[in-house]
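A quick write-up on the structure given underneath.
Each residue takes its place number in the sequence, starting with 1.
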Amino acid sequence: MSAPYREVSSRLKRLLSEGGVIEGSLYRADRGNTPRHQLSDRATGRFRSIYVPADFAPLVADWSARWAEAKRLLKEMSELAREELVAAITERTGRKTVARASAPAGGPRKRRTAKRLSKS
């Protein structure tokens, strides 16, 4: 792999060695006089929440921030790997490989139209 890819990979390893990671967003919901902290994420198409005690909130906030940074670094690594793959294919075949955007899941929606019967 290239030097930029290895550099991003090294940053990801360093980030993951600093502590835990957790997917989700930590938010504060004031309920009366007591602030509540909840960690929310989306699993299987539904939102789920976990109550987080106030003394755990800074720790969970760090984990959540680490998750977001790790996700960003993984996307960066993916883009670098994609560029390297395209370059390797182009070098080997002599033809430039062009990445195409894929159609939305399930393809384009077709509209159903009522068929009119002519009275002729």
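Within the 4.5 Å cutoff, side-chain heavy atoms of Glu76 are placed close to those of Arg11. For the pair Ser49 and Tyr51, the minimum side-chain heavy-atom distance is 4.5 Å or more. Between Leu80 and Tyr5, the closest side-chain pair of non-hydrogen atoms falls below 4.5 Å.
Tracing side-chain contacts under 4.5 Å through hydrophobic residues (I, L, V, M, F, W, Y), one never reaches Trp63 starting from Leu12; they form parts of separate clusters. In the hydrophobic cluster analysis, where Ile, Leu, Val, Met, Phe, Trp and Tyr join through side-chain heavy atoms closer than 4.5 angstrom, Met77 is grouped together with Trp67.
Distance check: Arg66 CZ to Leu16 CG gives 9.0 Å after rounding to the nearest 0.5 Å.
Shortest non-hydrogen contact noted between Ala54 and His37 is CA-CD2, 3.7 Å. When all heavy atoms of Gly24 and Asp41 are compared, the closest pair comes out as CA-CB, 3.8 Å. The minimum heavy-atom distance linking Val52 with Ala57 is given by the pair CG1-N, 3.9 Å. Here the closest heavy-atom approach between residue Leu39 and residue Leu26 is recorded as CD1-N, 3.9 Å.
Using a distance-only test at 3.5 Å, with no hydrogens or angles considered, no donor-acceptor pair links the side chain of Ser64 to the main chain of Val60. Formation of a donor-acceptor pair under 3.5 Å by the Ser10 side chain with backbone atoms of Arg6 is not found in this model.
The pair Arg36-Asp30 does not count as a salt bridge, with every side-chain nitrogen at least 4.0 angstrom from each carboxylate oxygen. Residues Glu79 and Lys75 are not paired through a salt bridge, judged by the lack of any N-O separation under 4.0 Å between the basic side chain and the carboxylate. Salt-bridge formation is not detected for the pair Glu18/Arg14: no Lys NZ or Arg NE/NH1/NH2 atom is positioned less than 4.0 Å from an Asp or Glu carboxylate oxygen. Contact check on Glu69 versus Arg72 returns a salt bridge, with a Lys/Arg side-chain nitrogen under 4.0 Å from an Asp/Glu carboxylate oxygen. Salt-bridge check for Arg42 with Glu23: failed, with every basic side-chain N at 4.0 Å or more from each acidic carboxylate O.
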Quiz item: Between Thr90 and Arg95, is a side-chain contact (heavy atoms from CB on, under 4.5 Å) present by the stated rule, with each step listed?
Solution: CA-CA 5 Å; Thr90 302; Arg95 291 179 286 195; over 6 Å; no

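With no hydrogens or angles considered, a side-chain donor-acceptor pair links Tyr27 and Gln38 at under 3.5 Å. For Ser25 and Ser40, the side-chain atoms include no donor-acceptor pair closer than 3.5 Å.
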